[in-house]
Peer 1: 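I am attaching a structure below and will ask some questions about it afterwards.
Hydrogens, waters and symmetry mates play no part in the numbers below; they use all other heavy atoms, side chains included.
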Amino acid sequence: MLRSVIISGPPAIGKTTIAKGLGKEFGLKYLSGGDVLKELAKDQGFETNNDDFWDTEEGMSFLNIRKGNSEFDKEVDEKLKKIFLTEDVIITSYTLPWLVKDGIKIWLAGSHENSAKRMTVRDNISIQDALKIVKMRYDENKTLYKNLYGFNFGEDLSVFDKIINTDDLGPQEVLVQAKNAVRHYYDTQTITKS
C-alpha cells in the first residue's frame, strides 16, 4: 500500500515546514508542487533561484503568464499526479487534493494576517507588503484554479481528511496534529484492508 500525503493551504501558511517534518517522521520523500512549477518558469527565462520566488515581482509576472496559459499548471499537475500515485511521497500542492482520490489530504487553515506574519519573518519584509502579497496570491490562485478545474480553492474543503487551523498554533503544534492525522489515517486504512 502506498503511503502518500498532500499538504495544501493558503500561501505562506507553513505547508513546506509541515511537509518536511512529516517526511522526516514517516520516511517519505518530499516534493513541492511550487518547485516543479518553478522549473517551468526557469525554462521561460525567469530567475527562480530565490527560495521565495513566488513572492517576488518575477513570481508575480509568471503568475500573470499562467493566467493566460493554463498549460503550465496542467503539466505540473499531471507530473504530480503520476508521482503521487506511484511513490511513497509527501507533496505540497494547491491543486492536487482535488485531482486525486487516494492518500491523506491535510488543509492548513489560517488568516491572511497569520500568513503575512510568517512571511515578514521568512522574507524580511513589512507586514503591509506581506499582507498585500498574501491576499493577491490567494485571490489570483483562487481565480486561476476555478477557471482551470472548477473548484473553489480555500472554500470547498470537502476533499480533505484533516483541517488544521494554524492561527493560534506554533509550527511544532501544527506538526504534532499533522503527524497524528497521518498515523490515524494509515492505521485506519490498514485495519480496513485487513
Peer 1: Hey, can you tell me if Y145 and Y149 have their rings parallel, tilted or perpendicular (30° and 60° cut-offs)?
Peer 2: parallel
Peer 1: Would you say the side-chain atoms of N141 pair up with the backbone N or O of T143, donor to acceptor, closer than 3.5 Å?
Peer 2: no
Peer 1: Taking the side chain as every heavy atom from C-beta outward, state whether T17 and R118 have any pair of such atoms under 4.5 Å apart.
Peer 2: yes
Peer 1: Inspect the surroundings of CG in N124 and state if more than 12 heavy atoms from other residues, nucleotides or ligands are less than 6.0 Å away.
Peer 2: no
Peer 1: Taking the side chain as C-beta and beyond, is there a heavy-atom pair between W107 and P10 under 4.5 Å?
Peer 2: yes
Peer 1: Looking at residues at least two apart in the chain, or sitting in another chain, which of them share a side chain to side chain donor-acceptor pair (under 3.5 Å) with Y138?
Peer 2: none
Peer 1: For the residue pair W98 and N152, what are the closest heavy atoms and their distance?
Peer 2: CZ2-O, 4.5 Å
Peer 1: Say you draw a straight line from OG of S115 to CD1 of I13; how long is it, rounded to the nearest 0.5 Å?
Peer 2: 3.5 Å
Peer 1: With clusters defined by side-chain heavy atoms of hydrophobic residues (ILVMFWY) lying less than 4.5 Å apart, directly or transitively, does V176 cluster with I104?
Peer 2: no
Peer 1: Let me check something: do L131 and I133 share a hydrophobic cluster, defined by ILVMFWY side-chain heavy atoms less than 4.5 Å apart, either directly or through other members?
Peer 2: no
Peer 1: Measure across L80 and G33 and return the closest heavy-atom pair with its distance rounded to 0.1 Å.
Peer 2: CD1-CA, 3.7 Å
Peer 1: Measure across L148 and K74 and return the closest heavy-atom pair with its distance rounded to 0.1 Å.
Peer 2: CD1-CE, 3.5 Å
Peer 1: Can you tell me how far apart OG1 (T120) and CD1 (I127) are? Round to the nearest 0.5 Å.
Peer 2: 5.0 Å
Peer 1: Kindly check if the number of other-residue, nucleotide or ligand heavy atoms within 6.0 Å of NZ (K81) is above 12?
Peer 2: yes
Peer 1: For a 4.5 angstrom cut-off between non-hydrogen side-chain atoms, does Y30 reach T92?
Peer 2: yes
Peer 1: Taking all atoms of both residues into account, what is the closest heavy-atom pair of A19 and I7, and its distance?
Peer 2: CB-CG1, 4.2 Å
Peer 1: Should we count CD of Q172 as having more than 12 external heavy atoms under 6.0 Å?
Peer 2: no
Peer 1: Among R3, K82, K29, which residue meets the side-chain hydrogen bond (donor to acceptor under 3.5 Å, both in side chains) test with E87?
Peer 2: K29
Peer 1: Would you indicate whether the side-chain heavy atoms of D77 and L96 approach each other to under 4.5 Å?
Peer 2: no
Peer 1: Under the side chain to side chain contact (heavy atoms under 4.5 Å, CB included) criterion, do I106 and V182 qualify, and how do the steps go?
Peer 2: CA-CA 9 Å; I106 299 173; V182 171; 4.0 Å; yes
Peer 1: Inspect the contact between E140 and R137 and indicate whether a charged nitrogen and a carboxylate oxygen are less than 4.0 angstrom apart.
Peer 2: no
Peer 1: Can you find a heavy atom in the side chain of F160 that is under 4.5 Å from one in the side chain of L157?
Peer 2: yes
Peer 1: Assigning hydrophobic clusters by single linkage (Ile, Leu, Val, Met, Phe, Trp, Tyr; side-chain heavy-atom cutoff under 4.5 Å), is V76 placed with L85?
Peer 2: yes
Peer 1: Can you see which heavy atom on S8 is nearest to which on F153, and at what distance?
Peer 2: OG-CE1, 4.2 Å
Peer 1: Go through it in stages, so that I can follow the logic: the residues are T166 and I18, the test is side chain to side chain contact (heavy atoms under 4.5 Å, CB included), and I'd like the CA-CA distance, side-chain angles, deciding distance and then a yes or no.
Peer 2: CA-CA 11 Å; T166 66; I18 300 309; over 6 Å; no
Peer 1: Within the 4.5 Å heavy-atom criterion, are T95 and F151 side-chain neighbours or not?
Peer 2: yes
Peer 1: Please answer whether the main-chain N or O of P97 pairs with a side-chain N or O of K105 as donor and acceptor at a distance below 3.5 Å.
Peer 2: yes
Peer 1: Could you check if a side-chain atom of V134 sits within less than 4.5 angstrom of a side-chain atom of M119, using non-hydrogen atoms only?
Peer 2: yes
Peer 1: Which pair of heavy atoms, one from L22 and one from L175, lies closest together, and at what distance?
Peer 2: N-CD1, 3.8 Å
Peer 1: Start with the C-alpha distance between N165 and L108, add both sets of side-chain angles, then the distance that settles side chain to side chain contact (heavy atoms under 4.5 Å, CB included), and finish with yes or no.
Peer 2: CA-CA 6 Å; N165 189 326; L108 301 182; over 6 Å; no
Peer 1: Check for a donor-acceptor pair, side chain of S4 on one end and backbone N or O of F84 on the other, with a separation under 3.5 Å.
Peer 2: yes
Peer 1: Can you run down the salt bridge (charged side-chain N to carboxylate O under 4.0 Å, His left out) pairs that involve residues 160-183, sequence neighbours left out, and say none if there aren't any?
Peer 2: E25-K179, E25-R183
